[in-house]
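So the structure is just underneath, and the comments pick up after that.
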2 protein chains.
Amino acid sequence: MTLSTSDRSLVEPVVRRLSALRPLSTEARALLEYAMLEGLQRAGAGEDLISEGDPVDSVRIVLSGWLCRYKTLEDGRRQIVNFIFPGESCDAHAFLLSVMDHSIATLTPAIYAEIKRARFESLVAGDRSLADAFLCETLINTAIQREWAINLGRRIALERVAHLFCEIFERLRPVGMIDGNSCIMPITQMDLADATGLSVVHLNRTVQELRASGLIVLRDRTLTINDLGALKDAALFSPSYLQLYRRS
Amino acid sequence: MTLSTSDRSLVEPVVRRLSALRPLSTEARALLEYAMLEGLQRAGAGEDLISEGDPVDSVRIVLSGWLCRYKTLEDGRRQIVNFIFPGESCDAHAFLLSVMDHSIATLTPAIYAEIKRARFESLVAGDRSLADAFLCETLINTAIQREWAINLGRRIALERVAHLFCEIFERLRPVGMIDGNSCIMPITQMDLADATGLSVVHLNRTVQELRASGLIVLRDRTLTINDLGALKDAALFSPSYLQLYRRS
DNA sequence: CGAGCTTTTGAGGTGCGTCAAACTATGTGG
DNA sequence: CCACATAGTTTGACGCACCTCAAAAGCTCG
């Protein structure tokens, strides 16, 4: 079970991210990498991987592409409640509940690993750090949901969009997807609107306002933030909820 | 370590709720009850039990009273991101992260049990169902956070307040705090405003609108919902995210 | 009975939504 | 390589849901 170089680079973000949450033994890493590579899947943009109401019987781990969790109301209103970036898993413990309370969809073409419940459970049963790392991930996810609540409930449009850009930046950084002061922005303004609880029209005007004030450059599917500190100030952004730094 | 009748009735909501998530052995229940009664605490209304930035080294389980999780912005804007009702615990796994990303405060006088981390960990290490029950609780908490995101992002004020009332009702029911079609509403309109992302003034007008349409009666700190189905329709409320029914 | 909350009412402003249409990519087939 | 279709972005006009400020009225409790 040796892995090729290209395989390694594919699963690298996952291992890098989990290791930042909890130090992982060489053994645990190898087993996880192997399990991921056995369950590789591809999906196009805009596909539902799993829908609200579906039973859950596997864990998905994103290797490339952007995904989102979303919920809809009967009349079609949609709210993206979180993003899922490369290196992140889709609820390692979701199968403890009966059915999904939300849907998960790709926003771009994506590659992910699907690990069956039994396989995953034996994996984490065999290594405490691995189990803790996945649990940490779930807890951070909840912390992000809380931050989104104050974002949607108490920040005005400009702060809200700025905050989302800051969060995206800080979540992409640990998996090596920030290039200087830029990252790709592969999703539509419609998606950004659904993530910030705004209409597309107003989201667009808010983006233009951020552009006009020089805080961001957004074009050719690339987001550039020249002065991240200034953007964070405008967003009232405080990154502690992301738990980016190793706890003692 | 036999327990008196009054002790039992105090911890009863907790055991009832956890048992609904996972069947618990008599042994596990007894150990948990004993641990809770050893760490009983009281707090007045409006006290912070733990604040954003604090390290976590114990688990709190609410026996009576209403609590909330909240976050604030530098300029004082506050968002209540979730309620904590009797029978619910405050993040059984929070100590895996370095510090709190939010604060927890009492909204009414409260009684809770505080169990030190080591004690709690040995408790759940000794019983798989107990560990799973607490994990389920954490997962449901996350699902509630997601529902709050769509509530804050995509529901209009009337739907939003109606939805909150429906959720409160459905969360109080399993711990026996619904009396016919009424429950106590011990918190201020200011708190309700901070939970729904509205101003107090507009929250008040929205409550009056709900009253005028006959959907609720709210007076003397008591909320009465004569036609819960109608209120749920008005709120676009679908309870599946609360995972109230035992999974197979 | 008065002090301090909490709820309610009024007036006026604005941030954001809706509707509609123009403009600009992006992609596909001929 | 162009013609066309489709998706995404941008602009304008207009309305309203919700906000802010201010003050009155009703509770609660020492």
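In what follows, chains carry the letters A, B, and so on, assigned in the order in which the sequence lines appear, proteins first and then strands, with residues in each chain numbered from 1.
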Check your understanding: For Gln208(A) and dT11(D), is the shortest distance between a side-chain N/O and OP1 or OP2 below 4.0 Å?
Key -> yes
Check your understanding: How far does the helix from dC1(C)-dG30(D) to dG30(C)-dC1(D) bend, going by the axes of its first and last five pairs, to the nearest 10°?
Key -> 50°
Exercise for review: Grab the two heavy atoms, one from Leu164(A) and one from Thr196(A), that are nearest each other, plus how far apart they are.
Suggested key: CD2-CG2, 3.9 Å
Exercise for review: Scan Arg211(A) against the nucleic acid and name what it touches under 4.0 Å (heavy atoms): base, sugar-phosphate only, or nothing.
Suggested key: sugar-phosphate
Check your understanding: Where does the chain B footprint on DNA chain C start and end, counting 5' to 3' with a 4.0 Å heavy-atom cut-off?
Key -> dT6(C) to dA11(C)
Exercise for review: Looking at every strand, decide which applies to Thr188(B) at a 4.0 Å heavy-atom threshold: base, sugar-phosphate, or nothing.
Suggested key: sugar-phosphate
Point to revise | Side-chain donor or acceptor of Arg155(A) paired with backbone N/O of Ala235(A) under 3.5 Å | key: yes
Exercise for review: Could you check whether Gly197(B) gets within reach of a base, just the sugar-phosphate, or nothing at all, counting any heavy atom under 4.0 Å?
Suggested key: sugar-phosphate
Practice item. Would you indicate whether Asp179(A), at its atom CG, is surrounded by more than 12 heavy atoms from other residues, nucleotides or ligands within a distance under 6.0 Å? Key: no
What's touching nucleotides 21-30 of chain D from the protein side, N or O pairs under 3.5 Å?
none

Practice item. Count the heavy atoms belonging to other residues, nucleotides or ligands that lie under 6.0 Å from CZ of Arg16(A), then report whether that count exceeds 12. Key: yes
Practice item. Please list, chain by chain and in numerical order, all residues satisfying salt bridge (Lys or Arg N to Asp or Glu O under 4.0 Å) with Asp220(B), sequence neighbours excluded. Key: none
Exercise for review: Write down the atom of Asp91(B), the atom of Arg146(A), and the distance for their closest heavy-atom approach.
Suggested key: OD2-NH1, 4.1 Å
**Study point:** Euclidean distance, atom NE2 of residue His202(B) to atom P of dC19(D) [Å, nearest integer]
**Key:** 6 Å
Practice item. Anything under 30° is parallel, anything over 60° is perpendicular, the rest tilted; go ahead and classify Trp66(B) against Phe85(B). Key: perpendicular
Review point. Roughly, in whole Å, what's the span from CG in Leu203(A) to C1' in dG8(D)?
Key: 12 Å
Exercise for review: For Arg154(A), check salt bridge (Lys or Arg N to Asp or Glu O under 4.0 Å) against everything at least two apart and list the hits.
Suggested key: Asp194(B)
Point to revise | Residue pair Phe169(A) / Leu231(A), side-chain heavy-atom distance below 4.5 Å | key: no
Study note, to complete from the structure: Residues of residues 150-159 of chain B with a heavy atom under 4.0 Å from any atom of DNA chain D, listed by number, are Ile156(B), Ala157(B)
